[in-house]
Amino acid sequence: MATKQESDAQKDITKWAGKDGEFKRQASTFRSHIGPDTEFKAEKGRYQLYVSYACPWAHRTLITRKLKGLEEFIDVSVVHPHMGALGWSFYPPIRGEDGSYPKTTGEVGPDDGIAGVVPDPLYHAKFVRELYFRAEKDYGGRFTVPILWDKKTETIVNNESSEIIRMFNSEFNTELSDEFAKIDLYPEALREEIEGQHSWVYDTINNGVYKSGFATTQKAYENNVVPLFESLEKVEKILEGGKDFMVGDVQHFKCNINTIRDGFPNINRWMKNLYHNYPAFKDTTNFEHIKHHYCTSHPQINPTRIVPLGPIPHIQPL
């Protein structure tokens, strides 16, 4: 399925760090927009959203889809939580007789009982990479989610989550009931403040967790984990005024200078509020997928691939 244009990252998507040990996140490639003045119109049932429950960038598109009442407008496919060398798949990985995970060349394994996977209904793709090559036969980047796919033109509209959620926030409002059309997650009066916070929250926290956890040298790890917790302290103070915030994972990525539960009571309080009081957060969170992905897909970090049972409960009660 792949072309001669394949990059080293495509040959093994689990290789993410540079020679300096730093995790390098690739910029999203497909950046078209749904709108009245583009070829991609806001039409019910026209688009397919491909996600992983384990990917926080994809997860925020699911949250926005539900908050905006777009479940009947945007169909969803969900990959299996395990990601091997060929990237995300809609099927379980092949397994060796000893329980090992051999590197696949395109084969997939039998059903493994993990619930919540929704296969590709359009092309019955085995791997997300197939969608990228269908959209652009000489594609040379990584195979990431989310993907917003246009069924009419059979191509990727956008694979940048921040842009997808903004489309979901505004471009379908004329098609929605007043109940959902009036919800504005990116209000004009707050955009400057939102963008100001986003610049450092994204770099040091959202992506900082990955830059810490995927670092392959001690220096690269410390260069990122310290700013991560400095920024969490900053957010903790911001939340004293009641501002919104969402946080990333701590356990798998060695980001254990402190925990959200014990070290950041304001962040923990607000996270519990979102999870327990807003179905868009709880209903789109799948802890089995999250833990299975991060504990089985990254043998460099967890060579035994043991998936922890805890924490119990996953989110503390209010």
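All heavy atoms count here, side chains included; hydrogens, waters and symmetry mates do not.
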Q: If you count the non-hydrogen atoms of other residues, nucleotides and ligands that lie under 6.0 Å from CD in E195, is the total more than 12?
A: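 It does: E195 CD has more than 12 such atoms within range.
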
Q: Which atom pair, heavy atoms only, marks the closest approach of L122 to D120?
A: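 Minimum heavy-atom separation between L122 and D120: N-OD1, 3.1 Å.
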
Q: side-chain contact (heavy atoms from CB on, under 4.5 Å) for F229 and F264? Distances and angles first, verdict last.
A: CA-CA 10 Å; F229 279 87; F264 301 94; 3.9 Å; yes

Q: Would you call K151 and D75 a salt bridge, using N to O less than 4.0 angstrom?
A: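 Yes, K151 and D75 are salt-bridged.
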
Q: Quick one: pull up CD in E136 and CD1 in I156 and give me the separation to the nearest 0.5 Å.
A: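 One finds 8.5 Å between CD of E136 and CD1 of I156.
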
Q: Side-chain contact test, heavy atoms from C-beta onward, threshold under 4.5 Å: evaluate it for E130 versus R134 and give yes or no.
A: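 Result no, sub-4.5 Å side-chain heavy-atom pair not found.
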
Q: Looking at N302 and I306, would you say the former's side chain and the latter's main chain have a donor-acceptor pair under 3.5 Å?
A: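 The answer is yes, because a donor-acceptor pair under 3.5 Å joins these two groups.
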
Q: Minimum heavy-atom separation for N169 to T64, with atom names?
A: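 For N169 and T64, the tightest heavy-atom pair comes out as N-CG2, 4.4 Å.
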
Q: Return the OG to CD1 distance between S161 and I147, rounded to the nearest 0.5 Å.
A: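 These two atoms lie 12.5 Å from each other.
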
Q: Locate the shortest heavy-atom distance separating V79 from S89; write the atom from each residue and the value.
A: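 Between these two residues, the closest heavy atoms are CB-O, 3.3 Å.
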
Q: Applying a strict under-4.5 Å side-chain criterion to I, L, V, M, F, W and Y, I'd like to know whether L232 and Y202 cluster together.
A: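 Per the 4.5 Å side-chain linkage, L232 and Y202 are co-clustered.
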
Q: Could you walk me through whether F73 and R65 pass the side-chain contact (heavy atoms from CB on, under 4.5 Å) check?
A: CA-CA 9 Å; F73 285 77; R65 172 179 174 266; over 6 Å; no

Q: With distance as the sole test, does K41 use its side chain to make a donor-acceptor pair with the main-chain N or O of T38 at under 3.5 Å?
A: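 It does hold such a pair.
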
Q: If every non-hydrogen atom of Y210 is compared with every non-hydrogen atom of P56, which pair is closest and at what distance?
A: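 So the minimum-distance heavy-atom pair works out to OH-CD, 2.9 Å.
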
Q: Does P110 reach the side chain of R95, with side-chain heavy atoms less than 4.5 Å apart?
A: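 In short, these two side chains do not touch, never coming nearer than 4.5 Å.
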
Q: Under 4.0 Å between a side-chain nitrogen and a carboxylate oxygen: does that hold for E22 and K211?
A: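 K211 and E22: not salt-bridged.
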
Q: Within the distance-only criterion (no hydrogens, no angle test), does the side chain of T61 pair as donor or acceptor with the backbone N or O of W57 below 3.5 angstrom?
A: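 No, the answer is negative, given that no donor and acceptor are paired below the 3.5 Å cut-off.
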
Q: Could you tell me whether a side-chain N or O of N158 sits under 3.5 Å from a main-chain N or O of S32, the two making a donor and an acceptor?
A: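 Indeed, once roles are kept as given, a pair shorter than 3.5 Å links the two residues.
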
Q: Would you say N256's side chain and N258's backbone share a donor-acceptor pair under 3.5 angstrom?
A: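 Between the backbone of N258 and the side chain of N256 there is no qualifying donor-acceptor contact (under 3.5 Å).
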
Q: Before you tell me yes or no, could you show the steps for V76 and V118 under side-chain contact (heavy atoms from CB on, under 4.5 Å), namely the whole-Å CA-CA distance, both residues' side-chain angles and the distance that decides it to 0.1 Å?
A: CA-CA 8 Å; V76 170; V118 182; 5.8 Å; no

Q: Can you tell me how far apart CE (M271) and CZ (R261) are? Round to the nearest 0.5 Å.
A: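 Going from CE on M271 over to CZ on R261, the span is 7.0 Å.
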
Q: Go through R166 and E171 one step at a time and tell me if the salt bridge (Lys or Arg N to Asp or Glu O under 4.0 Å) criterion holds.
A: CA-CA 8 Å; R166 289 177 188 180; E171 298 303 336; over 6 Å; no

Q: For the residue pair T105 and E107, confirm or rule out a side-chain donor-acceptor distance under 3.5 Å.
A: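 Distance-only check passes for T105 and E107.
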
Q: Regarding E188 and R191, does a basic nitrogen lie under 4.0 Å from an acidic carboxylate oxygen?
A: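 Between R191 and E188 there is a salt bridge, with a charged N closer than 4.0 Å to a carboxylate O.
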
Q: So, R305 versus Y101: side-chain donor-acceptor pair below 3.5 Å or not?
A: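 No pair is found: no donor N or O on one side chain lies under 3.5 Å from an acceptor on the other.
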
Q: Report, as yes or no, whether the 6.0 Å neighbourhood of atom CG on L309 holds more than 12 heavy atoms from other residues, nucleotides or ligands.
A: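 Incorrect, the count does not exceed 12.
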
Q: Carefully, step by step, assess I34 and F172 under the rule side-chain contact (heavy atoms from CB on, under 4.5 Å).
A: CA-CA 9 Å; I34 295 173; F172 288 85; 4.0 Å; yes

Q: For the residue pair S77 and Q48, confirm or rule out a side-chain donor-acceptor distance under 3.5 Å.
A: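 Yes, a side-chain donor-acceptor pair sits under 3.5 Å.
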
Q: Tell me, please, whether F168 has K68 positioned over its six-membered ring: NZ or CZ under 6.0 Å from the ring centre and within 45 degrees of its axis?
A: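 No, K68 does not lie over the aromatic ring of F168.
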
Q: Report yes if the side chains of H314 and K291 come closer than 4.5 Å at any heavy-atom pair, otherwise no.
A: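 With C-beta onward as the side chain, the pair touches.
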
Q: So which residues get pulled into Y186's cluster when ILVMFWY side chains under 4.5 Å apart are joined, directly or through others?
A: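 For the cluster that includes Y186, the remaining residues are L190, I194.
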
Q: Evaluate S231 against E233 for side-chain hydrogen bond (donor to acceptor under 3.5 Å, both in side chains), listing each step before the verdict.
A: CA-CA 5 Å; S231 289; E233 292 287 356; over 6 Å; no

Q: So do the side chains of H59 and T285 get within less than 4.5 Å of each other, counting heavy atoms only?
A: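 Yes, close enough: below the 4.5 Å cut-off.
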
Q: Just by distance, no angles: are the side chains of Y132 and N159 close enough, under 3.5 Å, to form a donor-acceptor pair?
A: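 N159 and Y132 do have a side-chain donor-acceptor pair below 3.5 Å.
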
Q: Taking Y294 for its side chain and H289 for its backbone only, find out whether a donor-acceptor pair lies under 3.5 Å.
A: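 Flag not set: sc Y294 to bb H289 has no pair under 3.5 Å.
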
Q: Can you get from I74 to V78 by hopping between Ile, Leu, Val, Met, Phe, Trp and Tyr side chains that sit under 4.5 Å apart?
A: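 Same cluster: I74 reaches V78 through Ile, Leu, Val, Met, Phe, Trp or Tyr contacts under 4.5 Å.
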
Q: Between S170 and N173, do the side chains contain an N or O donor and an N or O acceptor separated by less than 3.5 Å?
A: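 Checked: S170/N173 side chains show no N/O donor-acceptor pair below 3.5 Å.
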
Q: Check whether L62 and L176 end up in the same hydrophobic cluster, where Ile, Leu, Val, Met, Phe, Trp and Tyr are linked by side-chain heavy atoms less than 4.5 Å apart.
A: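 In one cluster: yes.
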
Q: Are any non-hydrogen side-chain atoms of K152 and E43 less than 4.5 angstrom apart?
A: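 Yes - at least one pair of side-chain heavy atoms lies under 4.5 Å apart.
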
Q: Let me see the working for N273 and N277 under side-chain hydrogen bond (donor to acceptor under 3.5 Å, both in side chains), right down to the final yes or no.
A: CA-CA 6 Å; N273 174 59; N277 290 331; 2.7 Å; yes

Q: Verify, without hydrogens or angle tests, whether N224 (side chain) and A220 (backbone) share a donor-acceptor contact under 3.5 angstrom.
A: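 Yes; judged by distance alone, with no hydrogens or angles, the pair exists.
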
Q: If you count the non-hydrogen atoms of other residues, nucleotides and ligands that lie under 6.0 Å from CG in D178, is the total more than 12?
A: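 It does not: D178 CG has 12 such atoms or fewer within range.
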
Q: Using the rule that Ile, Leu, Val, Met, Phe, Trp and Tyr join whenever any side-chain heavy atoms are under 4.5 Å apart, tell me whether Y139 and V128 fall into a single cluster.
A: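 In one cluster with Y139: V128, yes.
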
Q: For the hydrophobic clusters of this structure (ILVMFWY residues joined by side-chain heavy atoms under 4.5 Å, transitively), does one cluster hold both L67 and I165?
A: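 In one cluster with L67: I165, no.
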
Q: Would you check, one step at a time, whether the test ring pair (Phe, Tyr, Trp, His ring centres under 6.0 Å) holds for F281 with H276?
A: CA-CA 8 Å; F281 292 86; H276 291 294; over 10 Å; no

Q: Without swapping roles, check the side chain of H80 against the backbone of H82 for a donor-acceptor pair under 3.5 Å.
A: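 Confirmed, H80 side chain pairs with H82 backbone.
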
Q: Measure the shortest side-chain to side-chain distance between T153 and F40 over non-hydrogen atoms and say whether it is less than 4.5 angstrom.
A: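 They are in contact (side-chain heavy atoms under 4.5 Å apart), so the answer is yes.
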
Q: Can you see which heavy atom on A85 is nearest to which on K103, and at what distance?
A: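 Heavy-atom minimum between the residues: CB-CG, 3.7 Å.
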
Q: Assess, by modelled atom type and distance only, whether the side chains of H293 and S52 contain a donor and an acceptor separated by less than 3.5 Å.
A: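 There is no such pair between these side chains.
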
Q: What pairs of residues pass the ring-ring contact (aromatic ring centres under 6.0 Å, His included) test when at least one of them lies in residues 103-128, not counting sequence neighbours?
A: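 Non-adjacent pairs meeting ring-ring contact (aromatic ring centres under 6.0 Å, His included): Y123-W149.
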
Q: What pair of heavy atoms forms the shortest contact from G69 to F180, and how long is it?
A: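 Closest pair (atom of G69, atom of F180, distance): N-CD2, 3.5 Å.
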
Q: Mark yes or no for whether T204, through its side chain, and W200, through its backbone, hold a donor-acceptor pair below 3.5 Å.
A: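 A pair under 3.5 Å: yes.
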
Q: Is a salt bridge present between E71 and K66, judged by a nitrogen-to-oxygen distance below 4.0 Å?
A: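 Counted as a salt bridge, because a side-chain N and a carboxylate O are separated by less than 4.0 Å.
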
Q: Considering the options E163, R142, E160, which one meets the side chain to side chain donor-acceptor pair (under 3.5 Å) requirement together with S28?
A: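 It is E160, the one option of E163, R142, E160 that forms the side chain to side chain donor-acceptor pair (under 3.5 Å) with S28.
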
Q: Measure the spacing between SG of C295 and CD1 of I290 and express it to the nearest 0.5 Å.
A: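 It is 11.0 Å, given to the nearest 0.5 Å.
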
Q: What residue among W88, F133, Y50 forms ring-ring contact (aromatic ring centres under 6.0 Å, His included) with F143?
A: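 Result: among W88, F133, Y50, F133 is the only option passing the ring-ring contact (aromatic ring centres under 6.0 Å, His included) with F143.
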
Q: Could you tell me whether the side chain of D150 and the main chain of Y47 form a donor-acceptor pair under 3.5 Å?
A: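 Such a contact is absent between D150 side chain and Y47 backbone.
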
